[in-house]
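To start, the structure under review is shown below, and the notes come after it.
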Amino acid sequence: MDFSLTDDQRAIEDAARAFAAAELAPHSARWDEEKIFPVETLREAAALGFGGLYVAEDVGGSGLSRLDASIVFEQLSYGDVSVAAFISIHNMAAWMIDRFGSDALRTKYLPRLTTMELIASYCLTEPGSGSDAAALKTSARLDGGEYVLNGSKAFISGAGTSDVYVVMARTGGPGPKGISAFVVEKDAPGLSFGAQEKKMGWNAQPTAQVNFDDCRVPEENRIGQEGEGFRFAMAGLDGGRINIASCSLGGAQLALDTATEYLASRQQFGQALKDFQGLQWRLADMATELEAARLMVRRAADALDRRDPKATQYCAMAKRFATDAGFEVANQALQLHGGYGYLRDFPLERIVRDLRVHQILEGTNEIMRVITARELLRQ
């Protein structure tokens with residue numbers, strides 16, 4: 001067991017950190033306030049290989065491990081949580097096509113997805129099925145050489161801007177075995193988008209409903225066989241949970257570093273805040289929780305790379321712990337700033353807003369507990 005990164009991983013970490021510092025952090029506050037989706041910046045990230053981190057190299061991907069990707073997402077989110085999280089979603093959708101799609105589908109889409117010439121969204125959640133994803137109602141009916149899709153997806157990151165949508169729809173009976181997966185292009189007839197959602201955080205990426213009204217999709221755009229879509233979606237979420245947990249790590253690390261610098265510079269009652277033992281202990285607890293979360297995330301990523309039978313459990317546990325810990329660290333950092341933490345002059349309020357949703361998406365933390373308990377009770 002070796003907790004140190006390899007030379008290659010250090011190089012990956014350095015590249016992601018440098019990109020975040022130069023291209024994300026200086027613009028993060030403005031993107032949040034003006035609700036700007038920085039598409040060209042996403043493509044600059046893709047030029048470094050971040051658009052297809054664990055997509056195979058034969059279609060333009062970087063062919064990295066899940067642990068490598070976790071390192072990248074932690075560093076990118078140190079610059080901007082919202083942008084890093086969207087890159088994670090794009091990677092999840094691209095990986096599903098790479099891992100489960102036909103050679104024709106891979107060749108058709110992945111060379112342009114890995115450069116982010118095409119941007120991808122993941123469409124599972126519906127207005128009436130969030131945590132109970134297997135109850136989704138969007139339908140897909142084969143008509144000649146095309147599938148006809150009807151229904152709606154909710155809370156879709158990138159909706160209206162993304163070029164490609166990986167969509168889970170029902171081709172069979174009730175339950176998970178009746179669900180299939182499809183690649184739907186933005187200009188597909190019958191595809192439309194709802195109004196942009198007004199959100200607490202993640203303002204640097206668009207979120208809207210995706211609607212299918214007799215939307216016609218070529219049969220060859222089905223990913224895998226009919227009835228396999230739910231399994232594909234859950235496999236995608238294992239990695240997505242590692243990614244979003246990693247984004248929590250990066251945002252929380254920025255909050256901790258900001259608070260540490262603030263305590264060193266701020267004077268109260270005739271001495272620096274950093275000299276108060278109570279505040280020292282709070283910083284120590286924040287750093288300890290963050291390091292524990294990082295170890296859990298990297299262990300889960302390693303388990304996923306090794307295809308450990310318990311990888312799904314480890315991913316759920318790491319996502320639950322890291323997103324809870326990340327939010328709490330950011331919230332404590334805001335508290336340590338007092339009234340200044342509540343102002344937009346400091347990054348704390350933005351980090352708190354952006355990290356809060358990580359406890360909800362990619363499976364709520366309540367569902368992470370369900371997954372963990374289910375695996376424990378099978379033993």
Side chains of [X] and [Y], donor plus acceptor under 3.5 Å:
X	Y	result
Asn91	Asn243	no
Gln253	Arg294	yes
Glu328	Gln332	yes
Ser28	Arg350	yes
Tyr109	Asp163	no
Thr312	Asp238	yes
Thr125	Lys153	no
Ser82	Asp32	no
Tyr147	Arg141	no

- Run through Ile12, Leu5, Thr6 and flag the one making a side-chain contact (heavy atoms from CB on, under 4.5 Å) with Asp68. Ile12
- Item | Thr114, Leu113, Val59 screened by side-chain contact (heavy atoms from CB on, under 4.5 Å) with Asp98, the one that passes | Val59
- Taking atom CG of Asp187 as the centre, does the number of heavy atoms from other residues, nucleotides or ligands within less than 6.0 Å exceed 12? yes
Run the ring-centre check on [X] versus [Y] and record whether the distance is less than 6.0 Å.
X	Y	result
His337	Phe346	yes
Phe37	Phe86	yes
Trp95	Phe100	yes

- salt_bridge(Arg306, Asp302) N-O dist < 4.0 Å: yes
- Query: Does the ring of Trp202 carry Arg353 above it, NZ/CZ under 6.0 angstrom from centre and within 45° of its axis?
  - Reply: no
- Establish, yes or no, whether the cationic atom of Arg356 lies under 6.0 Å from the six-membered ring centre of Phe327 and within 45° of the ring axis. yes
- Task: Decide yes or no on side chain to side chain contact (heavy atoms under 4.5 Å, CB included) for Val166 and Ile223, but give the supporting numbers first.
- Result: CA-CA 9 Å; Val166 174; Ile223 301 173; 4.0 Å; yes
- Does the pair Met168 and Thr138 meet the rule for a side chain to side chain contact (heavy atoms under 4.5 Å, CB included), with working shown? CA-CA 8 Å; Met168 273 50 72; Thr138 296; over 6 Å; no
- Note on the structure: Rounded to the nearest 0.5 Å, the CG atom of Asn221 sits from the CD1 atom of Ile97 at a distance of 8.5 Å
